[in-house]
Amino acid sequence: LAQPVTPELLVSPSSQDGDLGSECPEDRGNWTGRLDFLLSCIGYCVGLGNVWRFPYRAYTNGGGAFLIPYFIMLAICGIPIFFMELSLGQFSSLGPLAVWKISPLFKGVGMGTILIVSLVAIYYNMIIAYVLFYLFASLTSDLPWQHCGNWWNTDLCLDHHIIKAGNAAFPVNITNTVSPSEEYWSRYVLHIQGSSGIGDPGRIRWNLCLCLLLSWTIVYLCILKGVKSSGKVVYFTATFPYLILVMLLIRGVTLEGAWKGIRFYLTPQFDHLLSSKVWIEAALQIFYSLGVGFGGLLTFASYNTFHQNIYRDTFIVTLGNAITSILAGFAIFSVLGYMSQELGVPVNQVAKAGPGLAFVVYPQAMTMLPLSPFWSFLFFFMLLTLGLDSQFAFMETIVTAVTDEFPYYLRPKKASFSAVICIALFLMGLILTTEGGMYWLVLLDDYSAGFGLMVVVITTCLVVTRVYGIKRFCRDIHMMLGFKPGPYFRACWMVLSPATMMALLVYNIVKYQPSEYGSYRFPAWAEILGILMGVLSCLMIPIGMVVAVFQEEGTLWERVQQASRPTMDWGPSLEENRTGMYVASLPGSQSPKPLMVHMRKYGGITSYENTAIEVDREMEEEEESMM
């Protein structure tokens with residue numbers, strides 16, 4: 001008679017401090033150092049939005065009082081969803097597409113995520129190209145946007161030196177004038193006067209095109225070997241911006257008039273807290289600043305060891321991100337206060353958000369400082385490092401998602417596949433380098449990651465808690481980390497986070513405003529195109545459902561039920577981590593007590609096996625209570 005086959009299972013590690021590579025699938029790759037993951041997450045979350053969106057949002061929504069709804073929203077929907085994404089990625093060691101083995105019926109959520117990230121990656125790298133353009137322009141003794149009188153300037157251009165000299169003798173009317181930095185940005189860098197609107201892109205600006213090519217080349221070289229290469233680059237790109245930010249902060253607060261800007265930034269206006277708009281703005285800032293829903297967090301966590309303490313990392317990254325935003329506000333508004341004093345105008349007339357702050361207002365402020373090219377170079381180098389590690393995450397998300405779907409074909413050729421993706425996205429981004437490219441960038445920025453992203457996050461939250469089951473999800477985290485999430489996380493996942501996201505979604509739809517750039521209003525066809533961009537990522541969910549149902553057998557309801565259940569190979573990727581209920585799904589395991597099969601290879605019980613015993617006991621008690 002044939003002897004019964006004992007499954008050859010690996011020994012579970014007895015310590016968290018063992019070799020980092022021992023727990024991860026070698027063919028997939030993994031982080032090579034303990035700080036790689038943490039710094040990658042910090043670099044991903046701390047991006048351009050911390051510098052050019054948060055300070056402006058804070059002062060327009062109650063100043064210092066804005067921090068109250070900001071931290072409340074961070075606790076309600078920022079930290080819990082952040083932890084959920086990291087848990088999903090680390091538990092399964094899968095990318096944003098393959099992770100939907102958890103419930104194949106909803107694989108369209110992963111497809112929607114990849115579509116959103118691809119659109120964002122196209123225009124985000126164009127912003128990095130603008131930063132590179134200004135970085136090179138700063139390598140001069142006299143900044144090109146310092147004075148009027150250049151070929152791109154018009155009669156409306158008014159130099160700040162003239163304003164300052166004029167204010168000393170008699171007031172200068174600046175209502176119908178334009179700063180040299182604004183004309184440099186719109187008439188020289190963008191050459192927007194060569195386009196009549198979004199339907200007339202005009203010619204390609206070859207200097208911008210070369211900057212875009214350079215930015216894609218830098219990104220490709222940094223992600224060439226996946227997380228093994230990008231994980232080392234972030235040691236510089238995630239930490240160096242802090243050094244520059246501190247330098248800009250010290251320089252800013254020592255300027256004359258800096259207190260005006262800081263007072264303007266932080267003066268609390270508590271009456272704003274009664275407005276629903278302020279709470280929605282706080283939630284939006286948290287939502288986009290932490291980068292939840294883009295798949296980057298899930299992808300990074302998928303390269304972790306199985307027992308990495310992501311609970312601790314969640315609080316380090318989310319709170320660090322919030323503190324960075326507040327610090328950036330001091331650095332920005334101290335300089336804007338100085339600028340307002342130099343020009344003799346109120347702070348609210350010089351304060352802007354987005355590209356207007358980075359490429360017009362702050363460069364103009366730099367021209368008023370001694371050693372202006374040096375401070376300009378530092379500022380744009382900071383923006384470059386802030387932007388690059390966010391772009392690494394977007395690209396790693398796309399590449400990981402597709403290679404996890406086709407591991408046998410694409411993993412051995414990951415470098416070549418990454419090159420194909422970078423070239424394709426570069427070609428799609430060429431329209432952004434035209435004279436009317438800014439109109440397309442605004443359209444992509446407004447619609448690519450709007451309501452579509454919120455639908456993706458809401459669906460993920462509901463599938464994990466309702467379809468997969470909150471008990472089972474908490475049990476998985478228990479197996480992975482050695483403890484269960486507390487009532488705070490469970491309450492947020494079940495009710496508070498989805499409800500907040502639903503409120504955001506409804507608010508975005510009700511308060512919908514057509515896109516605009518300055519005084520230019522987008523035509524109806526451009527608005528429809530933008531809305532379709534958002535709708536397409538949502539449509540991926542029902543499309544994925546139809547495909548999943550057709551792949552099953554039986555009646556329609558039976559197919560839906562089968563497709564909504566996790567696949568047989570769902571769970572930890574390595575056999576030594578498949579304790580408890582997940583051992584039963586390993587090939588050859590016929591044991592009624594799966595943990596015994598898992599322990600057959602060694603003596604003694606480690607802390608992780610203790611956890612598995614607890615999980616098995618819980619499952620038995622649940623089964624008995626149901627009988």
Side-chain angles (χ1 to χ4, degrees), residues 38 41-88 238 242 245 265-266 268 270 272-273 275-294 296-298 300-301 310-330 353 386 390 393 449 453-454 456-458 460-461 465 485-505 507-508:
L38 186 61
C41 285
I42 290 171
Y44 168 59
C45 296
V46 178
L48 297 172
N50 296 69
V51 174
W52 73 21
R53 282 215 172 96
F54 175 83
Y56 186 84
R57 244 186 192 138
Y59 104 79
T60 53
N61 290 287
F66 180 71
L67 296 179
I68 296 171
Y70 179 76
F71 279 103
I72 289 173
M73 288 300 171
L74 177 65
I76 289 175
C77 64
I79 293 171
I81 295 178
F82 193 98
F83 184 47
M84 175 183 277
E85 273 206 42
L86 293 188
S87 300
L88 281 172
Y242 284 96
L245 191 61
Y265 167 50
L266 280 185
F270 291 106
H272 280 64
L273 298 182
S275 166
S276 60
K277 176 180 176 289
V278 171
W279 294 84
I280 294 292
E281 288 284 333
L284 281 172
Q285 180 62 33
I286 290 292
F287 187 76
Y288 288 109
S289 181
L290 290 178
V292 292
F294 287 99
L297 298 170
L298 193 147
F300 283 160
I310 48 171
Y311 182 77
R312 174 200 61 207
D313 294 342
T314 295
F315 286 96
I316 292 173
V317 177
T318 53
L319 294 175
N321 176 66
I323 292 165
T324 305
S325 297
I326 296 166
L327 271 179
F330 280 102
L386 284 173
S390 297
L453 184 66
M454 290 177 196
V456 162
V457 175
I458 292 166
T460 302
C461 213
T465 56
Y488 156 66
F489 278 103
R490 289 202 295 273
C492 288
W493 289 335
M494 289 292 288
V495 181
L496 296 177
S497 296
T500 306
M501 292 297 165
M502 286 296 289
L504 281 181
L505 183 60
Y507 178 83
N508 268 16

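Worth saying up front: this structure is predicted, and the values here are computed from it rather than measured. All heavy atoms count here, side chains included; hydrogens, waters and symmetry mates do not.
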Undergrad: Could you measure the distance from the NZ atom of K277 to the CG atom of L284? Nearest 0.5 Å is fine.
TA: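 Those atoms lie 10.0 Å apart.
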Undergrad: Do any N or O atoms from the side chain of R53 and from the backbone of Q285 form a donor-acceptor pair under 3.5 angstrom?
TA: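 Side chain of R53 to backbone of Q285, a donor-acceptor pair under 3.5 Å: no, none is there.
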Undergrad: Indicate yes or no: at least one non-hydrogen side-chain atom of L86 is less than 4.5 angstrom from one of Y311.
TA: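 Not in contact.
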Undergrad: Quick check against the 3.5 Å criterion: does Y44 have a side-chain atom that pairs as donor or acceptor with the backbone of G291?
TA: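 Such a contact is found between Y44 side chain and G291 backbone.
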Undergrad: May I have the step-by-step check of side-chain contact (heavy atoms from CB on, under 4.5 Å) for L245 and F330, ending in yes or no?
TA: CA-CA 10 Å; L245 191 61; F330 280 102; over 6 Å; no
Undergrad: Minimum heavy-atom separation for A328 to N50, with atom names?
TA: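 Smallest interatomic distance, heavy atoms only, reads CB-O, 3.5 Å.
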Undergrad: Can you give me the closest heavy-atom contact between C461 and T465, atom names plus distance?
TA: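 Shortest heavy-atom contact: O-OG1, 2.8 Å.
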Undergrad: I need the L505 CG to T500 OG1 distance, nearest 0.5 Å.
TA: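 Going from CG on L505 over to OG1 on T500, the span is 12.5 Å.
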Undergrad: As an exercise, state the distance from CD1 of I286 to OG of S325, rounded to the nearest 0.5 Å.
TA: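 Answer for the CD1-OG pair, I286 versus S325, is 8.0 Å.
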Undergrad: Check L38, T318, I42 against D313 for a side-chain contact (heavy atoms from CB on, under 4.5 Å) and give me the one that passes.
TA: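 Checked L38, T318, I42 against D313; only one passes side-chain contact (heavy atoms from CB on, under 4.5 Å): L38.
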Undergrad: Just verifying a value: how many Å separate M454 CE and F287 CZ, rounded to the nearest 0.5 Å?
TA: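 That separation rounds to 5.5 Å.
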Undergrad: Begin with the C-alpha distance, continue with both residues' side-chain angles, and end with the deciding distance and a verdict on side-chain contact (heavy atoms from CB on, under 4.5 Å) for F66 and T60.
TA: CA-CA 9 Å; F66 180 71; T60 53; over 6 Å; no
Undergrad: Examine distances only and state if a side-chain atom of W279 and a backbone atom of P69 form a donor-acceptor pair shorter than 3.5 Å.
TA: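 Side chain of W279 to backbone of P69, a donor-acceptor pair under 3.5 Å: no, none is there.
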Undergrad: Backbone N or O of C492 within a donor-acceptor pair of the S497 side chain at under 3.5 Å?
TA: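 Pair found, side chain donor or acceptor close to backbone of C492.
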Undergrad: M501 vs L504, test: side-chain contact (heavy atoms from CB on, under 4.5 Å). Steps then yes/no.
TA: CA-CA 5 Å; M501 292 297 165; L504 281 181; 4.0 Å; yes
Undergrad: Would F54 and Y70 count as a close aromatic pair, with their ring centres under 6.0 Å?
TA: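 Between Y70 and F54, which both carry aromatic rings, the centre distance is below 6.0 Å.
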Undergrad: State the CG-CD1 distance between N61 and I280, to the nearest 0.5 angstrom.
TA: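 Taking CG in N61 and CD1 in I280, the distance rounds to 11.0 Å.
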Undergrad: If you apply the rule side-chain contact (heavy atoms from CB on, under 4.5 Å), what do you find for T460 with E85, and how did you get there?
TA: CA-CA 9 Å; T460 302; E85 273 206 42; 5.9 Å; no
Undergrad: Please give me the minimum heavy-atom distance between P485 and R490, naming the atom from each residue.
TA: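 Looks like O-NH1, 2.6 Å.
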Undergrad: Any side-chain to backbone donor/acceptor pair from Y288 onto A449? Under 3.5 Å, distance only.
TA: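 Checking the backbone N and O of A449 against the side chain of Y288, a donor-acceptor pair under 3.5 Å is found.
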Undergrad: Taking all non-hydrogen atoms of both residues, which atom of L290 and which atom of C45 are closest, and how far apart?
TA: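 Nearest pair, atom of L290 first, then C45: O-SG, 3.3 Å.
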Undergrad: Parallel, tilted or perpendicular for F489 and F315, by the 30°/60° rule?
TA: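 The arrangement is perpendicular - the two ring planes meet at more than 60°.
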Undergrad: Which heavy atom in H272 sits nearest to a heavy atom in G62, and how many Å separate them?
TA: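 Minimum heavy-atom contact is CD2-N, 3.6 Å.
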Undergrad: As an exercise, state the distance from CG of L74 to CG of L319, rounded to the nearest 0.5 Å.
TA: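 Output value for this atom pair is 6.0 Å.
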Undergrad: What are the two closest heavy atoms between W493 and I81, and how far apart are they?
TA: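 Heavy atoms of W493 and I81 come nearest at NE1-N, 4.3 Å.
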